[in-house]
Amino acid sequence: MIDVHKISTNCTRNEFVGTAVLDTIGLVISGIDDTLLETMNVGMKYRCLGLFSSRTGAAGQITAIDDAVKATNTEVLSIELPRDTKGWGGHGNYIVLGGTDVSDVRHAISMALELTNKYAGELYISESGHLEFAYSASAGQALNKAFGVPVGEAFGFMAGSPAAIGLVMADTAMKSAPLSIAKYMTPNKGTSHSNEVILAVSGDASAAKTAVLNARQTGLELLIGMGSYPEIPGIPYL
Amino acid sequence: MIDVHKISTNCTRNEFVGTAVLDTIGLVISGIDDTLLETMNVGMKYRCLGLFSSRTGAAGQITAIDDAVKATNTEVLSIELPRDTKGWGGHGNYIVLGGTDVSDVRHAISMALELTNKYAGELYISESGHLEFAYSASAGQALNKAFGVPVGEAFGFMAGSPAAIGLVMADTAMKSAPLSIAKYMTPNKGTSHSNEVILAVSGDASAAKTAVLNARQTGLELLIGMGSYPEIPGIPYL
Amino acid sequence: MIDVHKISTNCTRNEFVGTAVLDTIGLVISGIDDTLLETMNVGMKYRCLGLFSSRTGAAGQITAIDDAVKATNTEVLSIELPRDTKGWGGHGNYIVLGGTDVSDVRHAISMALELTNKYAGELYISESGHLEFAYSASAGQALNKAFGVPVGEAFGFMAGSPAAIGLVMADTAMKSAPLSIAKYMTPNKGTSHSNEVILAVSGDASAAKTAVLNARQTGLELLIGMGSYPEIPGIPYL
């Protein structure tokens, strides 16, 4: 019988890049198996893949990946949002990057891990539900792929659970500044049946930021009105 | 950095109506943003929306909404069942009502919160799984929309998890009285991949009630046979 | 009000066969209600059904069912994978067998419960994620139905969560021996939005076993590299 305690918590495998908050792991496969790559349906352009995946949170991590892809010679191949959050009502994430140079891909994943510790800071989890916010002054390929935000425009994101809170936050956001809806998601639409209403907006940087901050205030008042204060697993940055 | 403890648990926002058991929140938006309303795909008839949403439970809350809609000048616009229950194997709910008069919508949501404390009473959650039951002598618009029960007929509901227990309850129900199947749901069919078999039946009031009570007895025997007694977060009313 | 503590944990209902690890329950319905059987959409050939269902795990239990079906005069009618695992990122299972003889179906379910205590042994659950492995020297009807493994070929299975770990395990497996991919699953593809990459392989028995063992080593190193050791709810058998 295998003795797992003989394995070190200091992982020395080539594929291991590192970890971040919210059960996030970053990995690199330098030359993926051809049959597996075909099956993955992410194209055959890259055999070097960067993998990024968390149990909890999506928008913060995708914002981190967005910056990391901008800064390196890599491309986002797929973004998936599993129904997770370790028993809460939301998503995790699973992202695959491609690149031609291993060190470039490793650098992108490493940078995304570091940025996740910042950008995943706007997560508020109480006994009753959770809220998640994200903001970027200029969306890149990852935010475009995940939420349809036009590249170069500012991005604002808000998710609330139980879902009803998310809709009031969305309404608050839309009333606070002239913005376009990039993506609107509900338990049956666009989510993996999470208990959230999610709104991603695009537009002018100050408008997007104002919308997120107003939605955050509204959402926190409603969530806390359910009777308990949220834990904040990261460090709020907005 | 935001200090969430400056926000009171006594929510004073206009949108806030109240809360109920099972992490249920009731909210009202008196004049929703037009762009958001279009995106919601619930029609453009009402700009005043009532929102109702829980982490745990569906049938009890929908039965509560059903009565509240009957008693007010409101209409059910959408019912969604996220995969939630805070780590157990079932659903939460997210319901949107519409009305032309704010006080009417607020009254509907307020009544639904109060009735939820009663109708969501038939929930049994053990270490191994859960059971949920509901009954109405006369289905209205909400039960029709959610479970296909003909308006005016009696409604019986049973959900069991792990899913196998739900099927034996469904079999018990169908054998106990002459009833029609209004909706049959499994992990791959109609649910949000919850670990449940769900049966909604319609027919005569005493038949529907007998079916639910027999299914409850069967389900409790099987669930308790898995080795632990269930918690009962509400107050059983059947 | 019902007093659940009057019900014994020693279930004496005819339908009850028994339980196994991972909140698994085995049940038999000797003559299912006809209307319910039609609604189930599993054919009308059998009125005697065996039910098998767990909160956590899928491959181990399906491997157990596979052996049980081989050894009895029964047939697999449906296999579903709810999104469950009691708050972790994976699946449970819900399986329906059919047979013409009650004692045969009961025997199949009873054998599957016993084998589950063995075959569901390769499950590793840490604070950060989980890993699941399974192996069979010769796939039967259940493994064919669930994962597309050709009947008679060896079967190897690996699932990793967070999903990125699963892909590195899949890559390890494919590089360790000549094998065919029977099924490849991700949060958006084939799973119930679980936080896993899953690979089922088929081929030669020693190749399949080598692939699973190599994937297990890789997966454990990565999962433990996330900072905590896994719990092992069963007894590893590979």
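Below, chains carry the letters A, B, ... as their sequence lines are ordered, and counting in each starts from 1.
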Does any backbone or side-chain atom of [X] lie under 4.5 Å from a heavy atom of chain C? Answer side chain, backbone, both or neither.
X         : result
Ile181(B) : side chain
Ile232(B) : side chain
Leu223(B) : neither
Thr218(B) : both
Ser194(B) : backbone
Tyr124(B) : side chain

Please look at [X] and chain B and tell me whether the side chain, the backbone, both or neither of the residue comes under 4.5 angstrom of a heavy atom of that chain.
X         : answer
Asn10(C)  : neither
Thr9(C)   : both
Thr35(C)  : both
Leu81(C)  : backbone
Leu27(C)  : side chain
His193(C) : side chain
Leu36(C)  : both
Thr85(C)  : neither
Ser8(C)   : backbone

Quick one: does any side-chain atom of [X] pair with a main-chain N or O of [Y] as donor and acceptor, under 3.5 Å?
X         : Y         : result
Asp171(B) : Asp33(C)  : yes
Tyr94(C)  : Ser161(B) : no
Lys86(C)  : Glu127(B) : yes
Ser53(C)  : Ala163(B) : yes

Heavy atoms from other residues, nucleotides or ligands near [atom1] of [X] exceed 12 (cutoff 6.0 Å):
X         : atom1 : answer
Gln141(B) : CD    : yes
Asn14(C)  : CG    : no
Asn73(C)  : CG    : no

Heavy-atom nearest pair, Gly89(B) first then Asp84(C), reads CA-OD2, 3.8 Å
Nearest heavy-atom contact between Asp23(C) and Ser128(B) is OD1-OG, 3.2 Å
Working to the nearest 0.5 Å, report the span between [atom1] of [X] and [atom2] of [Y].
X         : Y         : atom1 : atom2 : answer
Ile25(C)  : Met226(B) : CD1   : CE    : 5.0 Å
Asn188(B) : Ser192(C) : CG    : OG    : 5.5 Å
Thr39(C)  : Lys183(B) : OG1   : NZ    : 13.5 Å

Check your understanding: Mind checking whether Leu220(B) and Ile2(C) have side chains closer than 4.5 Å, heavy atoms only?
Key -> yes
Taking the side chain as C-beta and beyond, is there a heavy-atom pair between Leu167(B) and Met40(C) under 4.5 Å? yes
Legend entry - Verdict with reasoning, Ile224(B) to Cys11(C), per side-chain contact (heavy atoms from CB on, under 4.5 Å): CA-CA 8 Å; Ile224(B) 291 168; Cys11(C) 188; over 6 Å; no
Quiz item: Does the side-chain contact (heavy atoms from CB on, under 4.5 Å) test come out yes or no for Arg83(C) and Thr191(B), once each step is laid out?
Solution: CA-CA 10 Å; Arg83(C) 175 72 184 80; Thr191(B) 67; over 6 Å; no
